[in-house]
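Below: one structure, written as structure tokens.
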Amino acid sequence: MLDSVALMILGTGALVAVSGALLGTFLVLRGEAMAGDAISHAIVLGIVLAWMLTGARSGPLAVGGAVLAGVAAVFGAQLLARSRLLGNDAATGIVFPAMFALGVLLINLNARNLHLDPDTVLLGEIGFVWLDTVTLLGMDWPVAGVTLAAVGLVNLLFVGLFWKELKLAAFDPGLAQALGFRPALLGLGLLALTAATAVASFDAVGVVLFLAFLIVPAVTGRLVAASTGGMMGLAVLSGVSAVGIGYVGAVHWDVSLGGSMAVATGLGLAVALVASPRSGMVAALIRRRAIREESLVAVLLAHLAAHEGTERAAEECTPEALVEHLRWSPDQAQTVLVTALERGVIRRDGARLSLTEAGRALARAEALRHDRRRALTEER
Amino acid sequence: MLSPTLITVALAAAMIGALAGVLGTFLVLRGQSLLGDVIAHASLPGVVAGFLISGERGFVPILAGALVSGALAGLSVQLLRRGAGVKPDAALGSVLSLFFALGVVLLTVAQSQGGSAGLTMFLFGQAASVLRADLLPMALVGGTVLLVLVLLWKEFQLVAFDREAARAQGLPVERLEVLLTLLTAVTIVLGLSLAGVVLMVALLIAPAVAARQWVRGLAPMVWLAALIGALAGSGGAVISAMGQGVATGPVMVLAAVALTALSLLFAPERGLVARWRRQGAARQALHGRQVLAALRGLEGDHATPEYASDEAMLKAYLGTDAGPALARLYRDGLIRPAERLAPEATARRWELTEDGRRHVDEGGRHA
Amino acid sequence: MTDLHEPHIACHVEDLTVSYRERPVLWDIDLDIPPGVMAAIVGPNGAGKSTLIKAVLGLVPPVAGHVRIFGLPVAKARRRIAYVPQRQSVDWDFPATVRDVVLMGLYGQLGWLRRPGRAEKARAMAALEQVGMQDYAARPISQLSGGQQQRVFIARALIQEADLLFLDEPMAGVDAVTEAAIVALLKAQRDAGRTVVVVHHDLQTVARYFDWLVMLNQRIIAQGPVAEVYTEANLRAAYGGQLALIGTLRTAETPDA
């Protein structure tokens with residue numbers, strides 16, 4: 001049976017997974033996954049500064065400080081890169097480590113009063129969430145879980161209210177701008193909520209492990225689902241499953257709960273990477289092979305079509321020419337020839353290859369198809 | 001004051017800082033700064049695995065373990081990108097967080113086996129952990145990295161600037177890039193015990209970005225980045241070794257970032273201050289030309305050369321205060337005060353000198 | 001098959017097919033460029049002009065076919081080829097001086113471990129003089145204008161003293177004066193017996209600048225001396241839908257074409 005401690009841990013973990021997946025989906029779609037990295041590190045400085053200024057170690061002031069710091073990290077890096085003295089990636093790689101370093105240093109210097117251990121900042125300790133509880137509706141709830149539930153609800157509202165705007169802004173920021181949807185403002189909201197969620201999560205799982213829940217399930221969803229809704233659903237599903245699997249594994253091997261849950265998000269990614277019917281490697285391999293075979297036959301047809309009836313036909317339209325002129329390996333030439341013969345698009349008389357009627361029609365259709373596609377791309 | 005421990009720490013940190021500056025230069029120029037972050041985070045499981053397998057906190061097993069996991073992380077990024085078409089940032093973020101999580105899990109395994117109290121220092125770096133005995137192997141590995149870099153200098157330069165041209169000249173570009181990434185990984189791993197996995201990236205990037213602002217060529221950039229890295233490294237390490245319970249990584253990084261900020265601001269050609277100065281000077285020059293043209297125009301309107309305009313009128317004509325521009329023009333001898341026409345007037349009146357008239361006419365022709 | 005195959009042709013391409021993501025973008029290209037001509041490769045956007053050059057240089061792997069440079073496989077003819085990529089393909093904020101970039105043209109010839117010495121630096125100055133950029137040798141490349149960047153890239157090719165030059169859109173985005181200077185320079189190279197192959201985007205100037213023409217649109221539409229190839233029928237075949245454009249072109253070019 002699950003006792004109440006286990007339930008609290010699992011519940012808190014699931015809330016991290018859900019609120020991370022809601023935002024992560026759009027961060028990944030917008031190509032801003034590494035902004036999540038920057039934010040989750042930079043919030044540490046925000047929390048420490050908020051504590052130094054107001055004495056609040058958690059609650060709205062701490063969240064506010066963290067959100068400001070997280071947003072400042074992303075925008076600071078963008079501003080720095082706009083000077084064109086350094087690249088975007090280098091700007092990011094300087095700004096957030098600098099903020100994180102300052103945060104850790106301030107924690108070091110105030111260690112006696114702050115009760116915040118740098119290792120915990122990084123790693124969190126979800127195993128201890130039950131130590132700090134509040135009583136609501138006559139029951140004890142972990143404070144971290146309550147905070148996360150609140151932030152998660154805000155995330156849900158944000159994503160629900162701005163669903164189509166977020167989708168459009170991720171897919172075509174220019175069009176979103178033109179339609180008056182303010183994609184920059186939506187991006188800002190996304191970043192601010194990411195920072196808030198990171199703060200709420202970091203007591204539980206620490207900043208780097210939060211990053212795993214933010215990005216990995218979303219990438220998993222992206223590999224499998226074709227729609228944004230499907231992607232988000234899968235991200236939530238794979239994040240929550242990772243919490244369960246990670247819990248069982250951590251108890252079994254007696255290792256870090258948060259670490260184990262974060263590693264478990266990788267299981268979903270690995271499965272999707274190999275087996276996803278949409279863009280998994282097995283599917284891609286099969287599809288690529290099919291396309292390749294298809295296109296090699298098309299190349300053979302085009303070659304024969306180009307040379308049939310010319311004076312060099314006797315030289316070019318032979319199996320040997322495939323090796324000597326097209327530079328295919330004998331094996332490859334053999335495979336393509338067999339495929340083409342089986343499909344009845346070419347004929348073989350002794351050493352001479354020629355197109356059948358079907359083959360000639362196919363070659364002509366292929367040429368036309370390319371012309372048409374070209375015409376289409378030119379008009380754009 | 002200068003205890004042997006402190007000297008050891010300072011030497012090690014200078015070495016690491018210099019090496020990081022050198023390899024960071026190539027990382028920055030190839031636009032792969034965040035790959036350095038990924039490799040650094042991803043080496044954590046390797047560090048711990050090296051410890052678990054060898055049973056001691058030795059230099060070699062930890063180095064080897066970190067290299068293996070760093071390389072696996074690099075491969076995983078490639079796999080996600082090429083194999084499944086995942087966008088680069090998502091691939092980097094996934095690999096970074098997953099490998100780090102694995103490191104955290106292994107860390108608890110190591111802790112339960114005892115004797116691993118020193119492992120968490122790899123998170124933020126701990127200067128005091130560097131032993132005298134580590135210096136020689138560190139120098140040997142670092143020296144080898146630099147030797148390879150020197151031997152393949154011109155090839156790395158060409159690959160970093162123009163891969164296509166490098167391939168057209170017959171260089172094995174992919175292999176050179178892998179080698180360069182490998183050298184970077186070795187550097188990162190060497191620096192872990194000092195700077196820590198989380199902040200190592202800044203030690204790679206900050207000195208390179210700082211150096212870029214002062215130089216015109218790759219070789220000077222590499223030298224300067226090495227110098228800045230060594231300064232930030234040894235300075236930061238010494239400060240943190242003297243302070244109580246202050247992790248080394250943050251101090252080294254802040255020192256490096258401070259030097260970067262100074263460079264971005266005050267470098268003579270590229271620096272922001274120099275740029276603002278130039279922009280200010282250009283604005284002033286433009287304003288001066290506008291005032292001259294206005295004076296000339298008013299002369300023309302009144303069909304009298306040496307027509308004197310008062311400042312208030314100029315202000316209305318131009319829509320801005322002409323005072324500072326008039327003062328500069330007077331200093332340059334392009335205008336003169338025309339008191340003689342209206343000695344009782346309160347506002348100053350100005351007329352063009354011969355020089356000023358020539359200036360505005362020629363300027364008009366050139367423009 | 002012997003190593004030497006069609007040695008009297010500067011660039012010989014046979015049955016070349018190149019795919020991008022498994023879809024062919026160049027189909028069964030047969031191409032011969034004789035030595036000593038100044039050739040343009042023209043075609044609409046997406047015709048595969050840059051890809052053709054890259055495939056010839058071995059920068060993208062072909063699905064089928066082969067390439068010979070003066071009768072040799074490309075790997076053995078690298079010393080005889082120089083390549084000027086598109087200007088935008090590099091980061092011009094790279095820390096290098098103009099002379100550094102020109103010297104890079106010699107890196108392949110120098111071989112492993114050897115560094116450019118005094119002789120190479122003299123050659124770099126000579127190449128810069130040819131493009132009129134000798135006064136800029138010590139300038140950082142980040143301070144150059146677009147036209148100056150292009151001239152530096154050409155100097156980097158000239159220093160190789162190659163017999164065959166490939167240039168990818170060298171006239172794109174440069175001012176008229178620079179364009180004229182580049183054309184004069186390339187014509188001088190041709191007159192010195194070298195072969196120049198240029199990916200060109202401006203049909204208006206093809207007939208004036210070049211003496212050999214390759215018209216490409218995923219397949220070879222036509223190739224040969226400009227006077228024979230630059231015909232309305234060929235333009236129609238290559239550019240398909242852009243009839244209006246060709247109409248204005250013909251009126252502009254007919255007198256001297």
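A, B, ... follow the sequence lines: proteins, then strands. Residue 1 opens every chain.
Using a distance-only test at 3.5 Å, with no hydrogens or angles considered, a donor-acceptor pair links the side chain of B/T108 to the main chain of A/S256. In this structure, B/R275 contributes its side chain and A/S83 its backbone to a donor-acceptor pair below 3.5 Å. A distance-only check finds a donor-acceptor pair linking the side chain of B/K87 to the backbone of A/L29 [under 3.5 Å].
When every heavy atom of A/V219 is checked against every heavy atom of B/S94, the shortest pair comes out as CG2-OG, 3.6 Å. Of all the heavy atoms in A/M34 and B/L96, the pair that sits closest is CE-CD1, 4.3 Å. Among all heavy-atom pairs drawn from B/A247 and A/N108, the shortest one is N-OD1, 2.9 Å. Across B/G93 and A/I215, no two heavy atoms sit closer than the pair CA-CD1, 3.9 Å. Shortest non-hydrogen contact noted between A/V104 and B/P250 is CG1-CG, 3.7 Å. Nearest heavy atom pair, residue A/V263 against residue B/L98, reads O-CD2, 4.1 Å.
In this structure, A/L86 CG and B/S263 OG are separated by 11.5 Å, a value rounded to the nearest 0.5 Å. To the nearest 0.5 Å, atom CG of residue B/L264 and atom CD1 of residue A/I94 are 7.0 Å apart. Distance CG/A/N88 to OG/B/S33: 10.0 Å, rounded to 0.5 Å. Rounding to the nearest 0.5 Å places CG of B/D89 at 9.0 Å from CG of A/L27. Distance CG/B/L265 to CG/A/L85: 9.5 Å, rounded to 0.5 Å. Rounded to the nearest 0.5 Å, atoms CG (A/L209) and OG (B/S97) are 8.5 Å apart.
Note: B/G31 leads B/P88, B/G85, B/G31 in heavy-atom pairs under 4.5 Å with chain A. Options B/Q32, B/Q213, B/R212 differ in how many heavy-atom pairs under 4.5 Å they form with chain A, and the most are formed by B/Q213.
Checking each of B/D37, B/I205, B/L203, B/L199 against A/P97 for a side-chain contact (heavy atoms from CB on, under 4.5 Å) leaves exactly one that passes, namely B/L199.
Ring-plane geometry between B/H41 and A/H41 is classed as perpendicular, the angle between the planes exceeding 60 degrees on a 0 to 90 degree scale with a lower cut at 30.
Both the backbone and the side chain of A/V28 come within contact range of chain B, each with at least one heavy atom under 4.5 Å from a heavy atom of that chain. If you measure heavy-atom distances from A/L211 to chain B, the contacts under 4.5 Å come from both the backbone and the side chain. Heavy-atom distances place the side chain of B/V209, and not its backbone, under 4.5 Å from chain A. B/V246 touches chain A through backbone and side chain together, each having a heavy atom under 4.5 Å away. Neither the backbone nor the side chain of B/S76 comes within less than 4.5 Å of any heavy atom of chain A. Heavy-atom distances place the side chain of A/F96, and not its backbone, under 4.5 Å from chain B.
Around CZ of B/R278, the count of heavy atoms belonging to other residues, nucleotides or ligands within 6.0 Å exceeds 12.
With a 4.5 Å cut-off on side-chain heavy atoms, B/V198 and A/F100 count as touching.
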